[in-house]
Amino acid sequence: MARITAGVGCSHVPAIGVAMDTGITEQPYWKPLFDGFTKSREWMKENKPDVIFLVYNDHCTAFDASCIPTFALGCAAEFTPADEGWGPRPVPVVKGHQKLASHIAQSVILDEFDLTIMNEMEVDHGLTVPMSVMFGEHGVDDEWPCLVVPLAVNVVQYPAPTGRRCYNLGKAIRRAIDSYPEDLNVMIFGTGGMSHQLQAERAGLINPEWDKRFLDYMATDPEAAANITHLEYLRETGSEGIEMVMWLVMRGALDEKVTEVHRHYHVPASNTAVGHIILENHA
Amino acid sequence: MRDEKDYDDIPGTFVFDADRSREGYHLNQFCISLRTQKARDAMKADPEDYMSRFPMTEDQKQAIRDRAWNRLLELGGNIYYTSKLAAFDGITFQDLAAMMTGVSRDEYRDMMLHGGRPIEGNRSKSEWEKK
Ligand SMILES: [Fe+2]
């Protein structure tokens with residue numbers, strides 16, 4: 001049977017991808033950020049997922065304003081890195097697990113979560129940056145070490161789905177994966193955040209106390225995190241901090257009690273507070 | 001016209017909700033079109049002709065000509081779209097943020113290196129009015 005062994009929370013700032021693609025990760029600005037992922041990369045090697053269920057958002061790249069699905073599941077055989085205005089990132093094409101994706105779609109929709117099915121989709125930095133930070137540099141001609149089932153969540157046009165809705169969707173995804181017959185080691189990633197505001201006069205807002213409490217909630221009190229309102233995200237973490245609802249999909253798919261194996265928090269990456277946590281399910 | 005929203009009290013912020021999305025639709029579609037090299041070439045060759053392919057309001061077109069980044073948000077633009085116009089100009093996300101907050105790029109970069117804009121004093125409009 002397939003099983004979810006662990007969850008990873010991770011920011012997906014575009015500048016992190018640029019730093020890796022241009023080989024400047026050892027510079028003083030970037031080094032402390034990347035040092036926090038050294039342990040994560042070792043842990044990924046030891047724990048070798050077959051598939052990552054990766055929750056992220058598209059930043060008006062693959063989806064334009066004409067169609068805004070709240071939850072869109074990537075069911076394609078592969079997903080090409082998108083051109084976000086300065087050429088596509090030089091990273092491998094992302095390969096899907098089509099059979100698992102269709103199984104999840106069927107299970108989750110019958111579980112009353114009305115997903116949009118994407119049979120073609122390009123992926124932007126929201127998906128490729130977490131892959132890069134967790135697996136290290138991989139060039140266009142390499143292959144990612146595992147397959148990916150992407151879930152794109154609308155967090156751009158207000159309102160995003162509530163944290164509670166995301167948390168419950170995570171539980172439905174857990175039920176779907178638990179009922180998949182093939183033996184698979186599945187990890188789930190929740191990406192985006194942490195506090196940041198990219199727009200208008202309040203741009204640059206960072207709220208480290210709030211972020212650290214959110215990381216605590218991820219480890220030990222997901223119910224408290226699921227109760228956070230949209231107004232609180234917007235006010236306390238900046239207009240783009242609302243991306244953190246995507247971490248709740250990840251958390252919902254894990255056991256109620258988990259083991260925290262690693263945590264990292266760093267300010268800044270460009271305009272953003274970077275947060276990262278690794279949580280293991282008990283076998 | 002927009003109804004009053006509970007988040008209207010947050011200072012220096014345009015929450016991109018369904019009302020703004022409606023008003024900014026063609027503006028945002030214009031911005032995202034610049035994602036392809038072909039469109040970027042056309043925009044470079046003749047900006048007025050390229051803009052005329054999108055039924056935007058005159059105010060929106062003027063804000064594009066002026067690169068009035070906050071005004072674009074006020075007219076229904078969303079930052080992830082307007083950042084594509086900025087990328088067309090060769091402006092990074094961080095430099096765009098500096099422009100929107102009205103400080104130099106060095107000043108903004110320095111603020112971020114020192115922990116960013118603090119939450120204290122930046123939660124509600126009444127706090128900004130006191131300044
Ligand atoms: Fe994002």
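Heavy-atom basis, side chains included; hydrogens, waters and symmetry copies ignored. A note on names: the letters A, B, ... follow the listed sequences, proteins ahead of strands, and every chain is numbered from 1.
Formation of a donor-acceptor pair under 3.5 Å by the Arg117(B) side chain with backbone atoms of Ala203(A) is found in this model. For Tyr7(B) (side chain) and Ser239(A) (main-chain N/O), no donor-acceptor pair under 3.5 Å exists by modelled atom type. Counting only distance, with no hydrogens or angles, the side chain of Arg202(A) and the backbone of Asn122(B) share a donor-acceptor pair below 3.5 Å. Between the side chain of Arg123(B) and the backbone N or O of Arg235(A) there is no donor-acceptor pair closer than 3.5 Å.
For Leu113(B), the parts lying under 4.5 angstrom from a heavy atom of chain A are both the backbone and the side chain.
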> Passes side-chain contact (heavy atoms from CB on, under 4.5 Å), Lys84(B) versus Thr61(A)? Steps please.
Replying inline: CA-CA 10 Å; Lys84(B) 266 111 187 143; Thr61(A) 308; 3.9 Å; yes

> Under the side-chain contact (heavy atoms from CB on, under 4.5 Å) criterion, do Tyr80(B) and Glu240(A) qualify, and how do the steps go?
Replying inline: CA-CA 10 Å; Tyr80(B) 291 116; Glu240(A) 280 63 57; 3.3 Å; yes

> Which is it for Trp128(B) and Glu201(A) under the side-chain contact (heavy atoms from CB on, under 4.5 Å) test, yes or no, and what are the steps along the way?
Replying inline: CA-CA 11 Å; Trp128(B) 278 29; Glu201(A) 292 94 336; 3.8 Å; yes

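Here CG of Leu231(A) is found 13.0 Å from NZ of Lys5(B). Values are rounded to the nearest 0.5 Å.
Side chains of Gln197(A) and Thr13(B): a donor-acceptor N/O pair is present below 3.5 angstrom, by distance only. In this structure, a donor-acceptor pair under 3.5 Å is present between the side chains of Tyr108(B) and Asn271(A). Side-chain contact, Gln157(A) with Asn78(B): no donor N or O sits under 3.5 Å from an acceptor N or O.
Taking all atoms of both residues into account, the shortest heavy-atom contact from Tyr29(A) to Arg109(B) is CD1-NH2, 3.7 Å.
Contact count versus chain A (heavy atoms, under 4.5 Å) is highest, among Met100(B), Gln94(B), Arg35(B), for Arg35(B). Between chain A and the options Asn28(B), Thr36(B), Ile32(B), Val15(B), heavy-atom pairs under 4.5 Å are most frequent for Ile32(B).
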